[in-house]
Amino acid sequence: MTLKGATTHACAACKYQRKRCNPDCPLAPHFRPEHPVVFKNAHKLFGVKNILRILEVIDPHHKTEAMRSIIYEANMRDRFPVHGCLTAVYDLRLQIRQAEDELHDVLTLIAFCKQYHEKQQQATSMAHVVSCDSLQLGMSTVVQPDTAPLIYCRHNNATLATEIIHDHEEMFVAFDDIENENPR
């Protein structure tokens with residue numbers, strides 16, 4: 001009883017045990033009166049004595065987290081009677097594994113793109129500039145795609161840049177090779 005005859009609401013633990021809830025009840029902050037099923041699940045899995053023993057042994061600043069853990073485990077055992085929270089653990093492990101696989105794929109792709117970009121920069125720095133005006137009749141210039149990706153031709157004071165681009169199929173073949181090396 002509180003002041004002037006008003007009654008207090010008993011916590012779910014005291015309601016379940018049909019006893020008066022004291023103001024210093026250790027279970028009252030964790031088992032609200034409007035959630036009796038939460039206490040029922042925790043009581044069924046752990047028992048009141050074990051819950052109270054855990055609360056006595058644990059540090060005061062860890063009590064709330066410990067009770068959240070007990071309640072979570074009890075509710076998961078109610079939802080999944082055979083495996084309990086092991087179901088959630090396996091689901092989280094699967095999500096972590098999928099995320100790690102995706103991260104590995106992305107890092108591999110980034111490494112390949114960096115390597116391809118560096119190769120392109122090296123090829124560009126080694127490019128030979130060939131002037132069409134300097135060629136005479138009968139002279140030919142062999143241009144290798146790896147060593148000279150840019151050819152500049154001057155004709156009537158206009159500079160045209162023609163870029164020799166390797167087929168993009170090479171890049172896709174390389175991606176396929178990477179995927180075949182790392183099967184999931």
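Residues Arg77 and Cys85 fail the side-chain proximity criterion, which asks for heavy atoms closer than 4.5 Å. Annotation: side chain of Lys114 is in contact with side chain of Ile110 (closest heavy-atom distance under 4.5 Å). For the pair Pro26 and Leu52, the minimum side-chain heavy-atom distance is below 4.5 Å. Within the 4.5 Å cutoff, the side chain of Ile51 has heavy atoms near those of the Met67 side chain.
Atom-to-atom distance recorded for Thr108:OG1 and Leu103:CG is 9.0 Å, nearest 0.5 angstrom. Going from atom CG of Leu55 over to atom NE2 of His30 covers 5.0 Å, rounded to the nearest 0.5 Å. If you take CZ on Arg97 and CZ on Arg93, they are separated by 12.5 Å, rounding to the nearest 0.5 Å. Residue Tyr16 holds its OH atom at 9.5 Å from CZ of Arg18, rounded to the nearest 0.5 Å. From Asp91, atom CG reaches atom CD1 of Ile96 across 11.0 Å, with rounding to the nearest 0.5 Å. From Gln120, atom CD reaches atom CD of Gln115 across 11.5 Å, with rounding to the nearest 0.5 Å.
Side-chain heavy atoms closer than 4.5 Å link hydrophobic residues (I, L, V, M, F, W, Y) into clusters, and following such links, possibly through other members, connects Ile71 to Leu27.
The existence of a salt bridge linking Glu56 and Arg53 is excluded, since no basic side-chain nitrogen approaches an acidic carboxylate oxygen closer than 4.0 Å. One finds no salt bridge joining Asp59 and Lys63 here, because no Lys/Arg side-chain nitrogen approaches an Asp/Glu carboxylate oxygen to under 4.0 Å.
Phe80 CZ: more than 12 foreign heavy atoms inside a 6.0 Å radius.
Pairing each heavy atom of Ala88 with each of Met76, the nearest pair is CB-CE, 3.8 Å. When all heavy atoms of Ala28 and Cys21 are compared, the pair lying nearest together is CB-SG, 4.3 Å.
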**Prompt:** side chain to side chain donor-acceptor pair (under 3.5 Å) between Glu100 and His104: does it pass, once the steps are laid out?
**Reply:** CA-CA 6 Å; Glu100 286 175 343; His104 177 71; over 6 Å; no
Report all side-chain donor-acceptor pairs from residues 34-48 shorter than 3.5 Å, counting only partners two or more places apart or in another chain.
from: Asn41; atom 1: ND2; to: Val37; atom 2: O; distance (Å): 3.4
from: Asn41; atom 1: ND2; to: Asn75; atom 2: OD1; distance (Å): 2.9

